[in-house]
Amino acid sequence: MAEIEIDGVPADPARLAALGLLNYGHFTTLRVEAGAARGLTLHLDRLVRDCRTLFGTELDRAAVRERIRAVLPADGAPVTVRVTCYDPALGLERPAAPAAPALLVTTRPAAAAVPPPLRARTAAYRRELPGVKHVGLFGLVHHRRAAQLAGYDDVLLTDEGGLVTEGATWNIGFLVGDKLVRPEGPSLPGVTEALLTGAYDGPQSREPVRAAELARFDAAFALNAGIGLRPLAAVDGTAFDPDHPLLAELRAAYLGVAAEPV
């Protein structure tokens, strides 16, 4: 069963209103199983960093962990936990007023298995403050919806010059031979991306990747905390090998990262 709490008590609709009316805040999403999560420290780092950026306040890491522990199922079943930091009292007229951010913690059942390979369509779009995992998702959802209406699964974002940056809610990686390539450009520093690149001992680089030149890669994959590593079958008209043998090696490297107790 899903849980929704604000500062440790059941969510009050009145305190949720600020998210719907102002939509100013930040969050992180992590998969927790048996009371532990891969990259927990990095998720906490993100929350602390983004809280300074958006609110100019210091977030209590211990309080975040306590709030996560409080919503975890007693049987240790895997769940996806989202921690959102926002100020219920923040107003549209005075967003520079001293902030008192609250922690909205929600859970949902985690995906049982990796979903089938993605087919993505490119779209030129840049998120506001791309280095922050903020709650301003309108543009992403709009472009994802447009891609799905056109027969694709999701959207891959590019800049105005056609350079690949990131997926709607995921980072992207490419393989050429045994080399792992991550695109340069404004994007969210992904926790799963950081864990994978730290675990993979093969050659790696970060370099400009043009959407018009994706055929030079053998395989491509999406990365986020909810799915881990998900192969891409195609981007626009370029097909990739979703069964490339190195994808299994990369997935094993990621799954081999030790989870941290919450």
Side-chain angles (χ1 to χ4, degrees), residues 29-31 38-39 42 111-127 130-131 133 140 143-144 147-148 150-159 161-259:
T29 301
L30 58 159
R31 179 187 172 105
R38 290 184 186 84
L42 296 180
V114 176
L118 274 171
R119 294 178 62 254
R121 183 176 81 166
T122 56
Y125 177 73
R126 172 174 170 164
R127 294 184 303 109
K133 194 173 180 69
L140 299 178
H143 284 292
R144 173 177 279 173
Q148 291 177 352
Y152 296 85
D153 301 308
D154 212 334
V155 64
L156 176 63
L157 306 180
T158 70
D159 68 10
L163 289 174
V164 170
T165 55
E166 59 185 339
T169 54
W170 36 275
N171 294 109
I172 188 166
F174 299 93
L175 294 174
V176 54
D178 64 345
K179 183 180 180 182
L180 169 58
V181 176
R182 293 175 292 150
E184 285 184 348
S187 64
L188 183 73
V191 170
T192 305
E193 178 186 50
L195 295 177
L196 177 65
T197 55
Y200 179 55
D201 58 6
Q204 305 181 40
S205 70
R206 186 180 286 278
E207 59 192 60
V209 174
R210 294 197 170 276
E213 301 172 353
L214 294 183
R216 69 186 177 98
F217 296 108
D218 304 315
F221 53 91
L223 293 166
N224 72 18
I227 59 171
L229 184 151
R230 182 179 182 181
L232 267 69
V235 173
D236 295 335
T238 301
F240 299 107
D241 179 8
D243 297 313
H244 191 286
L246 191 52
L247 291 174
E249 181 180 334
L250 290 172
R251 184 177 291 110
Y254 171 68
L255 294 176
V257 174

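Heavy atoms only: backbone and side chains are in, while hydrogens, waters and symmetry mates are out. If you read the sequence from its start, that first residue is 1, and numbering goes on from there.
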Would you name the heavy atoms of Pro208 and Leu163 that are closest together and state the gap between them? CB-CD2, 4.0 Å
Please determine whether side-chain contact (heavy atoms from CB on, under 4.5 Å) holds for the pair Leu175 and Phe221, giving the CA-CA distance in whole Å, both sets of side-chain angles, and the decisive distance to 0.1 Å. CA-CA 9 Å; Leu175 294 174; Phe221 53 91; 4.1 Å; yes
Looking only at heavy atoms, what is the nearest atom pair of Gln148 and Asp153, with distance? NE2-O, 3.1 Å
Can you name the nearest heavy-atom pair linking Arg251 to Pro231, along with the distance? NH2-CD, 3.6 Å
Pairwise distance CG(Leu246) to CG(Leu180) - rounded to 0.5 angstrom: 8.0 Å
Kindly give the heavy-atom pair with the smallest separation between Arg206 and Glu184, and that separation in Å. O-OE2, 3.5 Å
Please check if the side chain of Arg38 supplies one atom and the backbone of Ala259 the other of a donor-acceptor pair under 3.5 Å. no
How close do Gly161 and Arg210 get, heavy atom to heavy atom, and via which atoms? O-NH1, 3.0 Å
Output yes when a side-chain donor or acceptor of Thr165 lies under 3.5 Å from a complementary backbone atom of Leu157, and no otherwise. yes
Hey, does Leu223 have a side-chain heavy atom less than 4.5 Å from the side chain of Tyr254? no
Tabulate below the donor-acceptor pairs under 3.5 Å that side-chain atoms of residues 186-200 make, not counting sequence neighbours, or state none.
{"unit_1": "Thr192", "atom_1": "OG1", "unit_2": "Asn224", "atom_2": "O", "d": "3.3"}
{"unit_1": "Thr192", "atom_1": "OG1", "unit_2": "Ala225", "atom_2": "N", "d": "3.1"}
{"unit_1": "Thr197", "atom_1": "OG1", "unit_2": "Glu193", "atom_2": "O", "d": "3.0"}
{"unit_1": "Thr197", "atom_1": "OG1", "unit_2": "Ala194", "atom_2": "O", "d": "3.1"}
{"unit_1": "Tyr200", "atom_1": "OH", "unit_2": "Asp178", "atom_2": "O", "d": "2.5"}

Side chains of Arg216 and Val209: does their closest heavy-atom pair fall under 4.5 Å? yes
Does any non-hydrogen side-chain atom of Asp218 lie less than 4.5 Å from one of Asp241? no
Closest approach of Arg144 and Ala168, non-hydrogen atoms and distance? NH2-CB, 3.7 Å
For the pair Leu156 and Trp170, evaluate side-chain contact (heavy atoms from CB on, under 4.5 Å) and give the outcome as yes or no after the intermediate values. CA-CA 9 Å; Leu156 176 63; Trp170 36 275; 4.0 Å; yes
Please tabulate, for side-chain N and O atoms in residues 111-127, each donor-acceptor pair with protein atoms closer than 3.5 Å (sequence neighbours left out).
{"unit_1": "Arg119", "atom_1": "NH1", "unit_2": "Gly151", "atom_2": "O", "d": "2.9"}
{"unit_1": "Thr122", "atom_1": "OG1", "unit_2": "Asp236", "atom_2": "OD1", "d": "3.4"}
{"unit_1": "Thr122", "atom_1": "OG1", "unit_2": "Asp236", "atom_2": "OD2", "d": "2.6"}
{"unit_1": "Arg127", "atom_1": "NE", "unit_2": "Glu166", "atom_2": "OE2", "d": "3.0"}
{"unit_1": "Arg127", "atom_1": "NH1", "unit_2": "Val132", "atom_2": "O", "d": "3.0"}
{"unit_1": "Arg127", "atom_1": "NH2", "unit_2": "Pro130", "atom_2": "O", "d": "2.3"}

With Phe174 via ring-ring contact (aromatic ring centres under 6.0 Å, His included) - residues at least two apart: Phe217
Distance from Leu247 atom CG to Phe240 atom CZ, nearest 0.5 Å? 11.0 Å
